[in-house]
Amino acid sequence: MEEKIMDVAQSVRPTVFSYIAAAIGFVAAWWTGLPALAQALLIVQAADIVTGLLCAFTGKSTKTESGRINSAVLAMGVVKKGLEWLVVLICVYVGSAVGMDNVSGAAMTYMIATELVSLLENLQIFGLDIPLLRRILDIAQGGDKDEDD
């Protein structure tokens with residue numbers, strides 16, 4: 001009986017490892033094929049989601065009344081990020097059609113900037129108050145005043 005179990009384990013193991021290796025290879029090939037701006041946008045979006053979840057888990061979220069995690073708010077945040085990628089896709093094809101290939105880069109740059117503002121807000125909630133980041137956040141929120149800190 002023990003031999004039969006070992007035979008089954010040996011026959012299953014290479015298949016499972018093959019699927020895992022194939023998945024890792026697929027993700028690595030997909031990632032390295034992306035333009036640097038697309039990689040940066042994905043990284044900033046992921047960081048914003050992670051820090052937003054951390055704020056909600058600790059009860060410090062500004063997105064909900066309770067400060068806790070709310071699945072509807074989380075879903076809307078993920079939908080927003082998906083719609084950003086829809087805009088990028090549209091910009092890629094429209095820009096290509098009219099001979100302006102940099103339209104998608106401009107869209108991604110704008111989206112990276114807006115995601116960075118959200119990320120900075122989340123970091124400030126945790127007390128990460130770096131003067132340069134605070135100044136950038138103030139400018140992004142329209143408070144571009146020449147005040148001495």
Side-chain angles (χ1 to χ4, degrees), residues 10-149:
Q10 290 297 328
S11 66
V12 170
R13 187 176 303 147
T15 305
V16 172
F17 289 137
S18 297
Y19 286 133
I20 292 170
I24 291 170
F26 172 78
V27 170
W30 172 77
W31 180 261
T32 57
L34 288 176
L37 270 177
Q39 290 176 350
L41 180 57
L42 281 172
I43 290 169
V44 174
Q45 285 179 330
D48 183 41
I49 289 172
V50 168
T51 57
L53 283 171
L54 288 173
C55 288
F57 283 136
T58 58
K60 298 178 180 181
S61 175
T62 58
K63 305 282 185 187
T64 61
E65 289 181 26
S66 66
R68 295 296 212 179
I69 193 162
N70 181 320
S71 59
V73 173
L74 177 62
M76 284 307 298
V78 172
V79 166
K80 177 189 160 228
K81 289 170 185 0
L83 290 174
E84 287 177 347
W85 281 101
L86 177 63
V87 170
V88 169
L89 180 67
I90 290 168
C91 287
V92 166
Y93 285 100
V94 170
S96 179
V98 297
M100 297 174 58
D101 293 329
N102 293 330
V103 173
S104 60
M108 284 188 278
T109 302
Y110 172 78
M111 289 172 198
I112 288 169
T114 60
E115 291 291 334
L116 281 173
V117 169
S118 178
L119 179 62
L120 292 175
E121 289 170 347
N122 292 342
L123 292 174
Q124 277 190 331
I125 289 172
F126 284 107
L128 184 63
D129 191 25
I130 301 169
L132 177 61
L133 296 180
R134 186 172 8 107
R135 181 71 180 135
I136 292 170
L137 185 58
D138 288 343
I139 291 170
Q141 292 175 336
D144 189 15
K145 299 174 187 135
D146 289 330
E147 297 177 5
D148 293 330
D149 289 333

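Between L42 and L34 there is a side-chain heavy-atom pair separated by less than 4.5 Å.
Note on residues 18-31: no pairs pass salt bridge (charged side-chain N to carboxylate O under 4.0 Å, His left out), not counting sequence neighbours. Residue pairs meeting the side-chain hydrogen bond (donor to acceptor under 3.5 Å, both in side chains) criterion with at least one partner in residues 23-44, sequence neighbours excluded, do not occur; the list is empty. Screening residues 38-54 for salt bridge (charged side-chain N to carboxylate O under 4.0 Å, His left out), with sequence neighbours left out, gives D48-K81.
Residues meeting the salt bridge (Lys or Arg N to Asp or Glu O under 4.0 Å) test with K60, sequence neighbours left out: none. Judged as a salt bridge (Lys or Arg N to Asp or Glu O under 4.0 Å), and not counting sequence neighbours, K63 has no contacts. Under the side-chain contact (heavy atoms from CB on, under 4.5 Å) criterion, M100 pairs with V98, V103, sequence neighbours left out.
Summarising the geometry, atom CZ belonging to R68 is positioned 7.5 Å from atom OG1 belonging to T58; distances are rounded to the nearest 0.5 Å. Here CG of L123 is found 9.5 Å from OG of S118. Values are rounded to the nearest 0.5 Å. The structure places CG of L37 at 9.5 Å from CG of N102, a figure rounded to the nearest 0.5 Å. Atom CG of L83 sits about 8.0 Å away from atom CE of M76, to the nearest 0.5 Å. Atoms OG and CG, from S61 and L54 in turn, are 11.0 Å apart once rounded to the nearest 0.5 Å.
Judged purely by atom type and a 3.5 angstrom limit, T114 uses its side chain to pair as donor or acceptor with the backbone of M111.
Closest heavy-atom contact between G105 and T109: O-OG1, 2.7 Å. When all heavy atoms of C55 and N122 are compared, the closest pair comes out as SG-O, 3.8 Å.
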>> Using side chain to side chain contact (heavy atoms under 4.5 Å, CB included), reason through L53 and L74 one step at a time and then give a plain yes or no.
In response: CA-CA 8 Å; L53 283 171; L74 177 62; 4.0 Å; yes

>> L41 vs Q45, test: side chain to side chain contact (heavy atoms under 4.5 Å, CB included). Steps then yes/no.
In response: CA-CA 6 Å; L41 180 57; Q45 285 179 330; 4.1 Å; yes

> Is there a side chain to side chain contact (heavy atoms under 4.5 Å, CB included) between E115 and K80 once you walk through the steps?
Replying inline: CA-CA 11 Å; E115 291 291 334; K80 177 189 160 228; 3.7 Å; yes

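Crowding of F126 atom CZ: a count of heavy atoms from other residues, nucleotides or ligands under 6.0 Å exceeding 12.
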